[in-house]
Protein chains: 2
Amino acid sequence: MKNHRNEHTRERILDEAEALFALKGYHAVSIREITGAARCNLAAVNYHFGNKQNLYLEVYRQRWLPRAERVRQSFQNSIKTTPVPSADTVVHSLARAFLDGPLSNEARRRHLRLIVGELCQPTEAFELVVERVFRPLLGSLIADLRTAMPVDVDEEQAILNAFSIMAMVLYFNLSHPLIKSVLGTSSDNDLKTRLVDHLVEFSLNGIAGGNRGSDK
Amino acid sequence: MKNHRNEHTRERILDEAEALFALKGYHAVSIREITGAARCNLAAVNYHFGNKQNLYLEVYRQRWLPRAERVRQSFQNSIKTTPVPSADTVVHSLARAFLDGPLSNEARRRHLRLIVGELCQPTEAFELVVERVFRPLLGSLIADLRTAMPVDVDEEQAILNAFSIMAMVLYFNLSHPLIKSVLGTSSDNDLKTRLVDHLVEFSLNGIAGGNRGSDK
DNA sequence: ATTCGTTTGATACGAACGTTTGAATTGTCA
DNA sequence: TGACAATTCAAACGTTCGTATCAAACGAAT
C-alpha cells in the first residue's frame with residue numbers, strides 16, 4: 001500500500017518540524033519554513049497532518065514520546081542493576097539518563113526544550129507530556145527513593161524532593177549556555193560530568209536533609 | 001510638554017503588553033490584541049514605541065527591570081538585618097523575595113514568565129535579563145553564601161549551588177499549577193509557605209553537603 | 001498497458017499580520 | 001483666541017500566514 005517516498009516526506013517533515021519548534025517555538029515557525037527545510041511542497045503538511053496544530057501534536061506523539069520512553073528505559077535499566085537501589089543510585093541514574101543518557105546532545109536539547117515549551121505555554125501536547133511521561137516518571141522516582149529511605153518522610157516531602165530534582169535537571173539543560181557563560185571559559189572540559197555530579201550531590205543532600213531534620 | 005492622556009495610553013499599552021507577552025509569548029500576541037486590551041488605537045503602538053519588537057523591549061526596560069530591582073531590594077533588605085547573615089538567612093531571604101516577596105501573585109507570575117521566556121527563546125531582552133539582573137544577583141548570592149560558609153568551597157561549586165537554588169525558584173513558580181495537581185487537592189492551604197520551606201531546606205542541605213563532602 | 005488510489009506540485013484564496021499614512025482631535029502656550 | 005505641536009483615529013498598505021484546490025506524477029495491482 002504505502003510507497004517509500006511519502007514516508008520519507010512525512011518523516012522529513014516531522015524531523016524538521018521538531019527541530020524548528022524546539023528552536024523557535026510554535027508560533028515563530030511557519031509551515032513554509034518547515035516544508036522548505038524538509039525540501040517538500042507546502043501542501044505536504046496539510047496532506048500528511050491536516051493542519052499545523054496537528055503536525056505539532058504529531059511531533060510530540062511520534063518523536064518526543066518515543067524519546068521520552070528511551071530516557072525512561074535508560075533510567076530504569078540503570079537502577080535495576082541492584083535489587084534495592086540506594087538513593088544515590090536513583091538520583092545518579094536519573095541525572096545521567098537526562099543529562100548524559102541515550103540521547104545525543106542535540107536530541108537532548110530538543111527533547112527538553114519541547115518539555116519546557118509546554119510547561120511555559122501549555123497547548124494540547126501538555127496533557128501528553130504530563131500524563132504519559134511526567135507523572136509516571138515522578139511516581140516511579142518517588143517510589144524508588146522511598147525504598148531507599150526511612151519511612152518517616154511524608155508523601156508531600158517526597159513529591160517536592162522529586163520536583164526539586166527535576167527542576168535542576170530541566171534548568172541545567174535549559175540554561176547550559178548561561179551556566180557556561182557565568183562559569184567562564186576557564187573550565188570547559190567535562191563540564192557535563194561535573195554538572196551531573198553537582199546535581200546528584202546537591203539533590204542527595206537535599207533529600208537526606210529533608211529526611212533527617214523535620215523542620216527548619 | 002507632555003499631556004496626560006498620552007502617558008495614560010503609553011502606560012496602558014505597556015501594562016497590557018506585559019500581561020499578554022507573559023501569558024502567550026511574543027509571537028502569539030498581536031498588536032491588535034494589545035491595543036484592543038488597552039482600549040486605544042492600533043497605531044498607538046507604532047506611535048509610542050516605533051514597532052512591536054521595541055514595545056517588547058520597553059516592557060522589559062520599564063516594567064520588568066524595576067520589578068526585578070524591587071525583588072533584589074527585598075532580598076538585600078532581608079539579609080542586611082544581621083551583619084553577617086547565615087546561609088540559612090540568605091537562602092530563606094532569596095526564596096521569600098522571589099516566591100513570597102514584594103510582588104503580588106499575578107505580578108510575580110508575570111515577572112518570572114518573562115524571565116523564563118527569555119531563557120527559552122532569547123531575544124534582545126536576554127542580555128538585559130542576564131547582565132543587569134541575573135549576573136549581579138548571582139554574584140551577590142554567591143558572595144553572601146561564601147561569608148556564611150567555610151572557604152574550602154571552590155568558586156565553581158559556589159556558582160553551581162547558586163544556580164541550583166535559582167533553578168528551584170524559577171521552576172516552582174513556572175510549574176506551580178503542575179505541582180498543585182500532583183500534590184492533589186488535599187493540601188491547598190499555605191502551599192506557598194511550604195514550598196518556600198522545602199526549597200530553603202533542600203537548598204541548605206545541598207549547599208552544606210557540597211561543603212562537607214568533597215566528592216560523592 | 002491500463003486502471004486506480006496515493007502522493008506531490010504549482011497556484012490561489014481569504015484572513016491576519018506589522019506597519020504606514022494623513023486627516024482629525026486634543027492639549028498647551030503665545 | 002489663534003497657532004502649533006502632540007496625540008488619536010480610521011483606513012489602507014504590502015506581506016505573510018494557514019489552508020484549499022486541482023491537475024500532474026507516481027506506485028502497485030489487474
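Side-chain atoms are counted along with the backbone in the values below, which use heavy atoms only and exclude waters and symmetry mates. Convention: sequence-line order gives letters A, B, ...; per-chain numbering from 1.
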Rounded distance in Å - [atom1] ([X]) to [atom2] ([N]):
X     : N      : atom1 : atom2 : value
B/N54 : C/dG18 : CG    : P     : 15 Å
A/H8  : C/dT6  : NE2   : C1'   : 16 Å
B/Y47 : C/dT25 : OH    : C1'   : 13 Å
A/E33 : D/dT15 : CD    : P     : 19 Å

Review item, side-chain donor-acceptor pairs of residues 18-30 of chain B, under 3.5 Å, at least two apart:
from  : atom 1 : to    : atom 2 : distance (Å)
B/E18 : OE1    : B/R67 : NH2    : 3.3
B/E18 : OE2    : B/R67 : NH2    : 2.2
B/K24 : NZ     : B/E33 : OE2    : 2.5
B/Y26 : OH     : B/Q53 : N      : 3.2
B/Y26 : OH     : B/Q53 : OE1    : 3.4
B/S30 : OG     : B/E33 : N      : 3.1

Sub-3.5 Å pairs of nitrogen or oxygen atoms, protein against nucleotides 18-23 of chain D:
from   : atom 1 : to    : atom 2 : distance (Å)
D/dG18 : OP1    : A/K52 : NZ     : 2.7
D/dG18 : OP2    : A/I31 : N      : 2.9
D/dG18 : N7     : A/R32 : NH1    : 2.8
D/dG18 : O6     : A/R32 : NH2    : 2.8
D/dT19 : OP2    : A/K52 : N      : 2.9

### Query
Nearest heavy-atom pair of B/L191 and B/K180: which atoms, and what distance?
CD2-CG, 3.2 Å
### Summary
Nearest heavy-atom approach of B/L199 to B/A95 is CD2-CB, 4.0 Å
### Task
Could you walk me through whether A/R132 and A/E69 pass the salt bridge (charged side-chain N to carboxylate O under 4.0 Å, His left out) test, one step at a time?
CA-CA 10 Å; A/R132 298 279 296 273; A/E69 182 59 21; over 6 Å; no
### Message
Taking side-chain hydrogen bond (donor to acceptor under 3.5 Å, both in side chains) as the cut-off, I'd like each qualifying pair that reaches into residues 103-113 of chain B, sequence neighbours left out, listed once.
### Response
B/W64-B/H111, B/N105-B/R108, B/N105-B/K192, B/E106-B/R110
### Query
Taking atom CZ of A/R61 and atom CG of A/L65, what is their separation to the nearest 0.5 Å?
10.0 Å
